[in-house]
Q: 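Before anything else, here's the structure in question.
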Amino acid sequence: MARALWKGAISFGLVHIPVELISASLDHELDLSMLDRRDFAPIGYKRYNKQTGKEVEWDDIIKGYEYKTDEYVVLSDEDLRQANVKATQTIAILTFVDATEVPLTFYAHPYYLLPAKGGEKVYALLRETLRKADKVAIASVVMRTKQHLCALACVGDAIVLNTLRYADEIRPTDDLDLPASTLKGAGITDKELKMALSLVEGMSETWEPGQYHDSYREDVLALVKKKIKAKQTKTITAPEPEAEHGSNVIDLVALLQQSLGKKARAASSASRKPPPARRKTA
């Protein structure tokens with residue numbers, strides 16, 4: 001069972017739901033070590049005192065806020081909690097909105113909310129309310145010295161808390177060089193749009209997340225095995241020269257026609273496959 005990252009309660013009107021928070025994501029990023037290219041020795045990082053230059057143990061490290069140059073106010077974990085006890089222990093629901101109203105750019109990190117002992121019934125009540133209303137709850141919570149805006153949603157049998165970015169943390173698109181918002185302004189013809197829609201329709205299917213995986217990680221690990229087998233563990237591969245790019249003019253219709261034809265051939269090939277053999281029964 002994953003360790004709880006935060007314990008507190010959801011404030012839902014006058015109802016308090018005791019909950020625990022655990023991360024809903026698993027990190028499968030490649031664990032690459034930093035090496036000195038001269039002798040391939042691993043590089044370490046030290047926590048050191050900037051005045052003495054000596055290394056500092058974790059037990060001797062505390063937090064402080066620099067209120068003027070080189071002057072600090074020491075803040076312990078208890079200080080941070082006492083600054084606003086209610087905010088650090090409560091997921092305060094502020095409002096309910098349609099999930100489609102929250103743009104994808106606002107979502108940051110998902111967590112599972114689990115009912116603490118004695119909170120199972122009220123947890124289930126909020127979960128089923130979110131499910132029936134087809135809404136997400138917008139709430140605020142303090143985690144790791146920052147107050148987060150978050151969205152609570154019903155996902156299967158769980159309530160998921162997804163931290164949200166604040167509006168001023170989203171880069172505006174006004175200064176970005178984007179194509180015009182109209183078909184005519186973007187130079188898109190009705191034929192091109194119709195063909196693109198046909199391609200999307202042909203490639204549409206039911207969401208099955210289990211069929212997707214990090215193939216790049218698998219390719220890198222395969223390369224690692226290959227270099228070990230070839231005894232090239234200390235070989236530094238030089239970058240290849242960049243390929244020259246030709247004209248940027250694209251025949252969009254031709255590309256769409258090729259894509260549609262490729263999809264049609266794949267569908268035809270799939271339809272010609274013999275059905276799986278039936279298992280004999282006793």
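Counting from 1, the numbers follow the sequence of the chain as shown. These numbers come from the heavy atoms of this one structure, side chains and all, not from hydrogens, waters or symmetry mates.
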Q: With sequence neighbours left out, which residue pairs that include part of residues 157-199 fulfil the ring pair (Phe, Tyr, Trp, His ring centres under 6.0 Å) condition?
A: none
Q: Is it the case that more than 12 heavy atoms not belonging to E66 sit under 6.0 Å from its CD atom?
A: yes
Q: Measure across P42 and L35 and return the closest heavy-atom pair with its distance rounded to 0.1 Å.
A: CA-CD2, 3.8 Å
Q: Under a 4.5 Å side-chain heavy-atom rule over Ile, Leu, Val, Met, Phe, Trp and Tyr, are L152 and F96 clustered together?
A: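 Yes: a chain of side-chain contacts under 4.5 Å links L152 to F96.
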Q: What salt bridge (Lys or Arg N to Asp or Glu O under 4.0 Å) pairs are there with at least one residue in residues 53-64, not counting sequence neighbours?
A: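 For residues 53-64, and leaving out neighbouring residues, the salt bridge (Lys or Arg N to Asp or Glu O under 4.0 Å) pairs sorted by first residue read K63-D77.
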Q: Does L5 reach the side chain of M143, with side-chain heavy atoms less than 4.5 Å apart?
A: no
Q: Would you give me the side-chain donor-acceptor pairs under 3.5 Å for residues 217-234, sequence neighbours excluded?
A:
unit_1	atom_1	unit_2	atom_2	d
R217	NE	H28	O	2.9
K227	NZ	T235	O	3.1

Q: Can you give me every donor-acceptor pair (side chain of residues 177-193, partner residue at least two apart or in another chain, under 3.5 Å) with its distance?
A:
unit_1	atom_1	unit_2	atom_2	d
T182	OG1	G185	N	3.0
T189	OG1	E192	N	3.2
T189	OG1	E192	OE1	3.4
E192	OE1	T189	N	3.0

Q: Working to the nearest 0.5 angstrom, can you tell me the gap between Y72 OH and Y67 OH?
A: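 Here the rounded value is 11.0 Å.
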Q: What pairs of residues pass the salt bridge (Lys or Arg N to Asp or Glu O under 4.0 Å) test when at least one of them lies in residues 103-127, not counting sequence neighbours?
A: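 Listed by first then second residue: nothing to list.
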Q: Quick check: is L149 connected to V142 through a chain of hydrophobic side chains (ILVMFWY, heavy atoms under 4.5 Å apart)?
A: no
Q: Can you list every ring pair (Phe, Tyr, Trp, His ring centres under 6.0 Å) pair that touches residues 111-131, not counting sequence neighbours?
A: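 Listed once each, the pairs are H109-Y111.
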Q: Identify the two heavy atoms, one from V136 and one from A153, that lie closest to each other, and give their separation to 0.1 Å.
A: CG1-CB, 3.8 Å
Q: Which atom pair, heavy atoms only, marks the closest approach of A108 to N162?
A: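 Taking A108 first and N162 second, the nearest heavy atoms are N-OD1, 3.7 Å.
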Q: Return yes when atom CZ of F40 has more than 12 non-hydrogen atoms of other residues, nucleotides or ligands closer than 6.0 Å, and no otherwise.
A: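 More than 12 within 6.0 Å, yes.
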Q: Who are the salt bridge (charged side-chain N to carboxylate O under 4.0 Å, His left out) partners of D98, not counting sequence neighbours?
A: K135
Q: Apply the hydrophobic cluster definition, ILVMFWY joined by side-chain contacts under 4.5 Å directly or through others, and give me every member besides I43.
A: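 For the cluster that includes I43, the remaining residues are M34, Y45.
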Q: Does any pair with a residue in residues 32-45 pass salt bridge (Lys or Arg N to Asp or Glu O under 4.0 Å), and if so which ones, sequence neighbours excluded?
A: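 Found D36-R38.
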Q: Side-chain contact, heavy-atom cut-off 4.5 Å: W6 with V141?
A: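 In short, these two side chains touch, coming nearer than 4.5 Å.
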Q: Which heavy atom of A4 sits nearest a heavy atom of I22, and at what distance?
A: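 Result for this residue pair: CA-CG2, 3.9 Å.
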Q: Which residue pairs satisfy the salt bridge (Lys or Arg N to Asp or Glu O under 4.0 Å) criterion with at least one member in residues 161-170, sequence neighbours excluded?
A: K146-E169
Q: Please collect all ring pair (Phe, Tyr, Trp, His ring centres under 6.0 Å) contacts where either partner lies in residues 185-209, sequence neighbours excluded, each pair once.
A: W207-Y212
Q: Are the side chains of V19 and I159 in touch, meaning some heavy atoms are under 4.5 Å apart?
A: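 Contact flag for V19/I159 side chains = no.
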Q: Just wondering, are more than 12 heavy atoms of other shown residues or ligands nearer than 6.0 Å to CD in E201?
A: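 12 or below, so no.
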Q: Check whether more than 12 heavy atoms from other residues, nucleotides or ligands sit under 6.0 Å from atom CG of D175, and answer yes or no.
A: yes
Q: For I17 versus V122, what's the shortest heavy-atom pair and its separation?
A: CD1-O, 3.5 Å
Q: Mind checking what makes side chain to side chain donor-acceptor pair (under 3.5 Å) contact with E101, not counting sequence neighbours?
A: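 E101: no side chain to side chain donor-acceptor pair (under 3.5 Å) contacts found.
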Q: Applying a strict under-4.5 Å side-chain criterion to I, L, V, M, F, W and Y, I'd like to know whether I138 and L21 cluster together.
A: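 No, it is not one cluster - the side chains of I138 and L21 are not joined through contacts under 4.5 Å.
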Q: Are Y107 and V160 connected, step by step, through hydrophobic side chains (Ile, Leu, Val, Met, Phe, Trp, Tyr) whose heavy atoms are closer than 4.5 Å?
A: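 No; V160 is not reachable from Y107 via cluster members.
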Q: Can you tell me how far the CG atom of L94 sits from the SG atom of C150, to the nearest 0.5 Å?
A: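 Between L94 CG and C150 SG, I get 8.0 Å after rounding to 0.5 Å.
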